[in-house]
Asks: 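Handing you a structure now.
Fair warning: this is a prediction, and the values are worked out from it, not measured in the lab.
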Amino acid sequence: MAKQERAARTRWLLVQAAAEAFVQKGFTRASIAAISRQAGVSNGALHFHFETKDALADAVEQSAAAALRRMLPDGGTGDGALQRLVDASHRLMSALDRDVVVRAGFALSGSPARRRGGLGLRGQWQDWVEGVLRDAADDGSLADGVSPADAATVVVAATVGFEVLGTGSRTWIARERLARFWELVLPRLSRPGVLRELNARGADLPGDRSGRRLP
């Protein structure tokens, strides 16, 4: 059991080291030697766990995808669809700020050197946003004349834009900036009665629980 635990720990150290290298240098320029040094293991130990740099990048994306899934609640949480959307967007930006594996996973999923079949993390986020906005239409939360597809286009474009810009300046993924985005957009997306109950700062994040509710 101790040997298995050591192997799991080494694997995780390599995933974290690779994520840091991919964020700092990009997939193409990050070297296996630099990743193994950062993790404190030999090149041979790295290759024991991951045959290629692609396999290591796959593990980073898989870890980031698992983290993303944990951020995205289903419809059984008891919160309205629009609040679920706001809260999930704040969790995503917070993870991008503090978790290098999530940050690297998103960067890898959009890297031309890593294009493959499947959705990638940005595609998974888009699918979830589209689904929760269909839920908002079904529960009567969306304003008259707002379609789930149009709303999803706006939200996905903005949040992915924040994620990409956040690689250069973390202010783009700051809670306050995202809250200001929601303050601007929610009055157009939601019915007036729903709007009064929404928390643009995220209802389930640390800080003032009442947040900044909209008029």
Side-chain angles (χ1 to χ4, degrees), residues 61-62 64-97 99 102-103 105-107 109-110 115-166 172-215:
E61 286 195 68
Q62 289 162 10
L68 178 63
R69 287 192 294 272
R70 292 192 293 270
M71 299 175 212
L72 306 181
D74 58 27
T77 62
D79 294 323
L82 288 179
Q83 190 63 60
R84 292 203 312 273
L85 176 59
V86 173
D87 293 350
S89 71
H90 278 288
R91 285 194 294 272
L92 173 58
M93 296 303 151
S94 177
L96 288 166
D97 181 50
D99 189 333
V102 173
R103 199 155 61 248
F106 270 86
S109 73
R115 281 181 185 164
R116 300 181 176 191
L119 289 174
L121 271 71
R122 291 170 185 162
Q124 291 174 39
W125 169 247
Q126 177 181 345
D127 267 10
W128 185 84
V129 170
E130 289 172 349
V132 82
L133 283 165
R134 287 192 295 270
D135 290 344
D138 291 343
D139 69 21
S141 297
L142 292 185
D144 291 339
V146 174
S147 73
D150 288 344
T153 296
V154 171
V155 172
V156 172
T159 51
V160 171
F162 291 153
E163 175 253 316
V164 173
L165 290 166
W172 282 102
I173 53 177
R175 183 179 184 185
E176 189 63 31
R177 188 180 290 266
L178 184 59
R180 294 296 295 243
F181 164 76
W182 284 120
E183 288 168 2
L184 179 67
V185 170
L186 285 172
R188 179 66 181 92
L189 289 185
S190 58
R191 292 185 181 277
V194 173
L195 181 62
R196 288 192 292 271
E197 300 302 317
L198 295 175
N199 185 340
R201 292 179 61 83
D204 63 352
L205 276 91
D208 52 324
R209 179 145 181 96
S210 61
R212 181 181 296 156
R213 295 192 182 274
L214 297 158

Asks: Considering the options Leu96, Leu92, Leu178, which one meets the side-chain contact (heavy atoms from CB on, under 4.5 Å) requirement together with Phe162?
Replies: Leu178
Asks: With distance as the sole test, does Arg175 use its side chain to make a donor-acceptor pair with the main-chain N or O of His90 at under 3.5 Å?
Replies: no
Asks: Walk me through it: do Ser89 and Phe181 pass the test side-chain contact (heavy atoms from CB on, under 4.5 Å)?
Replies: CA-CA 11 Å; Ser89 71; Phe181 164 76; over 6 Å; no
Asks: CD/Glu197 to OG/Ser190 distance, rounded to the nearest 0.5 angstrom?
Replies: 11.0 Å
Asks: Would you give the length of the straight line joining atom CG of Asp135 to atom CD of Glu130, rounded to the nearest 0.5 angstrom?
Replies: 12.5 Å
Asks: Would you indicate whether Arg177, at its atom CZ, is surrounded by more than 12 heavy atoms from other residues, nucleotides or ligands within a distance under 6.0 Å?
Replies: yes
Asks: Can you give me the closest heavy-atom contact between Val86 and Gly202, atom names plus distance?
Replies: CG1-N, 4.1 Å
Asks: Report yes if the side chains of Leu186 and Leu195 come closer than 4.5 Å at any heavy-atom pair, otherwise no.
Replies: yes
Asks: So how far is it from Gln126 CD to Leu121 CG, rounded to the nearest 0.5 Å?
Replies: 13.0 Å
Asks: For residues Ala88 and Leu72, report the shortest heavy-atom separation together with the two atoms involved.
Replies: CB-CD2, 4.0 Å
Asks: Below 4.0 angstrom, N of the basic side chain to O of the carboxylate: do Glu163 and Arg103 qualify?
Replies: no
Asks: CZ/Arg84 to CH2/Trp128 distance, rounded to the nearest 0.5 angstrom?
Replies: 6.5 Å
Asks: When rounded to the nearest 0.5 angstrom, what distance separates OG1 in Thr159 from CH2 in Trp182?
Replies: 7.5 Å
Asks: Is a side-chain donor or acceptor of Arg191 paired with a backbone partner of Asp144 at a separation under 3.5 angstrom?
Replies: no
Asks: Mind listing the closest non-hydrogen atom pair of Ala64 and Gly105 along with its distance?
Replies: CB-CA, 3.7 Å
Asks: Verify, without hydrogens or angle tests, whether Gln83 (side chain) and Asn199 (backbone) share a donor-acceptor contact under 3.5 angstrom.
Replies: yes
Asks: Provide the closest heavy-atom pair for Arg196 versus Gly193 in the form atom of the first, atom of the second, distance.
Replies: NH2-CA, 3.6 Å
Asks: With a 4.5 Å limit on heavy-atom distance, are the side chains of Val132 and Leu82 in contact?
Replies: no
Asks: Of the non-hydrogen atoms in Ala151 and Val146, which two are nearest, and what is the gap between them?
Replies: CB-CG1, 4.1 Å
Asks: State whether the side chain of Arg122 and the backbone N or O of Ser109 hold a donor-acceptor pair below 3.5 Å, judged by distance alone.
Replies: no
